Amino acid sequence: MTARVFSNVQIATMEGGNYGLISGCVAVNKGLISHVGPDLPSDYDGWPTEDLQGRLITPALVDCHTHLVFGGNRAREFEMRLNGASYQEIARAGGGIVSTVSATRAASDEELIKGAQRRLDALIAEGAALVEVKSGYGLDIETELRMLRAARALGARNTVRIRTSYLGAHAVPADYKGREDAYLDEVCLPGLRAAHAEGLVDAVDGFCEGIAFDINQIDRVFKVAHELNLPVKLHAEQLSHLGGTALAARHGALSADHIEYATEADAKALAVAGTVAVLLPGAFYTLRETQAPPVGALRKHGVAMALASDCNPGSSPLASLLLTMNMGCTLFGLTPAEALAGVTCHAARALGVSDTGVVARGKRADLAIWDVEEPAELAYRIGFNPLHRRIFGGEG
Ligand code: DI6
Ligand code: FE
């Protein structure tokens, strides 16, 4: 039954990035939201109606930054870090991202899909309906394409929408060590063109960091993205300040992600460009970082802040948006309302997707129904999932 009414609900509409709380009804028809309000117009007389007994409806959640598809795991590095090695030391010694690259290259297509499916299941179980998935653990053309095809396959097999980001500029593979520009010329950029030709790319991402690529190299990648009419986003200022945030803003990026080391001037640049700041507390927590992103400056300049899991085997083995929200509040000082906006409307914007992220007439009927009394409960609990039901395209 696609046409129906949910009555006796509290609705956090999230319009304008605020709770926008309404007590009333939501009607859905043909996969879209057709009505939101305190009362039900008489046109809905006779429609199937479900009394939700005061439960909370929010937009379905959006995870706008994940590396869900990969081979292997890096539990041993977790152990090494707790025995004193740093994330960068492990990366330089041939561990880190490039060790996941070996495991990803060795995995079959079906193994890649199967591994990611379990992580996707965890996100969906907490109400996610739109999930971004990056490549970046292939670092050769064929494996980058295989990762993106696996991401598309996940979208086809599940009641979830997947957006892909090409992250060929994630790390320098061992055979190109010290020859970053040759890697871009011979692998990353031709791989981007090939992936785009196959319809596998929704956005182009990069890792701008001392252990990855500098701003001139990322600039080269972004120029090709523009030529292909693809939006860009960037891992910037995670471990040091290299100017990636300003570069992302100059390129009109959808988002600048991590940005622990960003400055107030960077925040201003993001505001002017309309670029979303995607904060990733799971990586901050896992790496036991101490430099938090400049939330005060982002707020002051009106930068939209999203939150995402950054689900990946190294720096953020996290497949929970509810825990991400809690960490966003506890570690970064976001308010529960900012955290909810971070995984709904602002996350959708970080993906350039405008048909979801708010509960409003005409938007997709992707909704999460929660057994909570007030929206702050979503960020407040730790390790507890109060999802009652997820509605995807009006179904569920
Ligand atoms: N930043 C991250 O947090 C992930 N990638 C990136 O550029 C980490 C990836 C990894 O350690 O495997
Ligand atoms: Fe990441």
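What you see is a predicted model; the values in this text were computed from it and never measured. Side chains are part of it too, since the values below use all heavy atoms of this structure and drop only hydrogens, waters and symmetry mates. In listed order, ligands and their atoms are each counted from 1.
Using cut-offs of 30° and 60° on the angle between ring planes, the pair His235 and His67 is tilted. Ring geometry for Trp47 versus Tyr44: interplanar angle over 60°, hence perpendicular rather than tilted (30 to 60°).
Distances from ligand 1 to the non-hydrogen atoms of Tyr137 include at least one value under 4.0 Å. Using a 4.0 Å heavy-atom cutoff, His67 is listed among the residues neighbouring ligand 1. Residue contacts with ligand 1 leave out Thr100, since none of its heavy atoms falls under 4.0 Å from the ligand.
If you number the atoms of ligand 1 from 1 as listed, the ones under 4.0 Å from a heavy atom of His258 come out as 1 (N), 2 (C), 3 (O).
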Starting from the C-alpha separation in whole Å, work towards a yes-or-no answer on side-chain hydrogen bond (donor to acceptor under 3.5 Å, both in side chains) for Glu144 and Ser135.
CA-CA 6 Å; Glu144 288 293 304; Ser135 70; 2.5 Å; yes
For Lys134 and Glu132: C-alpha separation, side-chain torsions, deciding distance, then whether salt bridge (Lys or Arg N to Asp or Glu O under 4.0 Å) applies.
CA-CA 7 Å; Lys134 302 177 193 298; Glu132 185 255 17; 2.7 Å; yes
Please step through salt bridge (Lys or Arg N to Asp or Glu O under 4.0 Å) for the pair Glu377 and Arg381, ending with a clear verdict.
CA-CA 6 Å; Glu377 282 182 62; Arg381 291 208 178 82; 3.1 Å; yes
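Among Gln238, His235, His170, the residue whose heavy atom lies closest to atom 5 (N) of ligand 1 is His170.
Inspection of the environment of the Fe ion (ligand 2) yields the following protein N, O or S atoms under 2.8 Å: His65 NE2, His67 NE2, His235 NE2, Asp310 OD1.
For the pair Arg364 and Phe392, the distance from NZ or CZ to the six-membered ring centre is under 6.0 Å and the angle to the ring normal is within 45 degrees. Cation-pi check for Arg119 over Phe70 is met; the charged atom lies under 6.0 angstrom from the ring centroid and within 45 degrees of its normal.
Protein heavy atom at the shortest distance from atom 11 (O) of ligand 1 is Tyr87 OH, 2.4 Å.
Put simply, the side chain of Glu264 reaches to within 4.5 Å of the side chain of His301, judged on heavy atoms.
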